[in-house]
Amino acid sequence: MSTDLHTRLSSALAAASSDSIVFDLTGIADQYDRLMRELPGTAVRFAMKACSVDEVLTCLAERGAGLDAASPVEITQALRLGVPPDRIHYGNTVKSDETIAEAHRLGVRTFATDSVQDVAAIAAHAPGARVYCRLATSGDGALWGLSRKFGCSKDEAVRVLTAARDAGLVPAGLSVHVGSQQMTFEAWQQATDLLADTLVALRGRGIVLDHVNFGGGLPALGYLDRRGKRLDPPLDKMFAVIREGMEHLRILNAAPLDFVMEPGRHLVADHGAVRAHVYRLTERRQSDGESVHWLYLSCGKFNGLYEMDELCHRLVFPGHDSGPYVSAYVAGPTCDSDDAYRAPHQRVPSTLRSGDPVWILSAGAYATSYMTQGFNGFRPLPYTATDDGSALVGAAAGGRSR
Ligand SMILES: Cc1ncc(COP(=O)(O)O)c(C=O)c1O
């Protein structure tokens with residue numbers, strides 16, 4: 001994290017006197033600008049599911065981003081914020097007749113698909129719409145794979161887009177998602193090969209597309225590995241591979257090809273942090289005789305850290321800058337055994353007391369959107385969004401569940 005970012009978020013976290021999630025809008029705007037410098041000309045459709053906070057969506061939309069919506073409720077939110085329908089696509093392959101019709105009524109004309117049944121439903125309830133077919137990837141190399149539920153093979157994509165054309169829809173594009181928090185650049189090389197093979201196969205059927213959607217999956221940089229070291233995804237190499245892939249596909253296609261990306265985590269994760277507090281640091285002897293420390297926090301899997309199983313955050317304990325330290329398992333406040341980091345131990349100050357503040361960094365993605373309504377009586381965290389680290393704005397209750 002850059003010093004600026006650290007300073008802005010630290011000021012905002014220090015200003016928060018109770019538990020909340022703090023978003024650094026300047027950091028999010030800078031991150032978007034950086035992405036546009038790396039992948040110029042790419043149309044960004046921010047994945048709303050990663051952070052459906054009004055201020056964050058507005059900040060991105062004002063810089064030119066569109067939105068990837070997963071339901072009519074998200075589409076309605078995007079429209080309420082002034083995002084035009086032609087900058088919103090319905091990126092969920094899982095849809096009902098009713099949700100397709102509602103999206104169409106709201107003005108959305110571009111839909112993701114991956115089956116002929118879904119295509120038939122789109123033709124019936126959103127006649128003439130543009131569709132793009134999602135190709136399945138393995139998800140290998142990602143810390144949060146998305147492989148099984150979505151996408152189809154190359155041959156199936158040809159069948160799906162042929163059915164779309166025959167049903168009066170516009171077969172417009174192909175998409176992939178290499179899995180969230182992807183850690184390898186090879187994932188995008190493989191995705192490019194798959195996209196290239198599918199474009200060629202489609203051309204054999206007389207179907208020429210106008211866009212390719214490289215999906216989400218770009219990593220955040222602030223998570224820790226299971227030993228507490230900063231993850232180090234090869235981001236520059238990933239961008240180089242994506243640029244090369246775009247160039248390759250552009251040359252291959254029989255018509256001009258536009259590119260779309262749907263980043264979620266990459267734009268917001270490192271620019272949001274949780275201000276929580278210590279419930280208690282305990283030490284107890286287990287049945288095997290070993291004595292272990294547990295640090296219980298006020299925030300966990302069900303009220304802001306849904307991904308704590310797979311991803312480890314850096315914890316900061318203000319006022320406890322030097323040791324002594326102990327190794328502790330870290331867990332959330334509920335009476336649920338899943339509500340804990342899977343990482344074996346974290347080094348925490350042994351002097352922590354109930355009520356001490358704790359900052360949980362790189363927690364801006366899939367936090368507000370994944371909170372329960374109050375599992376075990378723990379209410380969703382409210383959020384705040386800050387421009388400069390001092391003035392907190394939009395301090396309304398957050399906790400949109402999905
Ligand atoms: C269709 C789609 N696009 C984009 C994203 C965003 O992915 P990420 O947060 O890894 O960038 C997701 C995440 O689940 C998704 O399902």
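Order of listing sets the numbers, starting from 1, for every ligand and every atom in it.
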Where's the contact between [X] and ligand 1, heavy-atom distance under 4.0 Å: side chain, backbone, both or neither?
X: Asn92; result: neither
X: Lys49; result: side chain
X: Pro263; result: backbone

Do [X] and [Y] sit within salt-bridge range, that is, some charged N less than 4.0 Å from a carboxylate O?
X: Arg230; Y: Asp225; result: no
X: Asp338; Y: Lys301; result: no
X: Glu307; Y: Arg265; result: yes
X: Asp24; Y: Arg8; result: yes
X: Glu74; Y: Lys49; result: no

Distance under 4.0 Å to a non-hydrogen atom of [X]: what atoms of ligand 1 satisfy this?
X: Arg265; result: 8 (P), 9 (O), 11 (O)
X: Asp68; result: 2 (C), 3 (N), 4 (C)
X: His177; result: 2 (C), 3 (N), 4 (C), 5 (C), 6 (C), 7 (O), 8 (P), 10 (O), 12 (C), 13 (C), 15 (C)
X: Ala47; result: 4 (C), 5 (C), 6 (C)
X: Ser180; result: 8 (P), 9 (O), 10 (O)

Min heavy-atom dist [X] to ligand 1 below 4.0 Å:
X: Arg134; value: yes
X: Tyr366; value: yes
X: Gly215; value: no

State whether a side-chain donor-acceptor pair under 3.5 Å links His320 with Thr351.
yes

Ligand 1 N/O within reach of His266 N/O, cut-off under 3.5 Å
no

Ligand 1 to Gly216 polar contact by distance, N or O atoms, under 3.5 Å
no

How are the rings of [X] and [Y] set to each other: parallel, tilted or perpendicular (split at 30° and 60°)?
X: Phe239; Y: His266; result: perpendicular
X: Phe259; Y: Phe214; result: tilted
X: Phe375; Y: Phe302; result: tilted

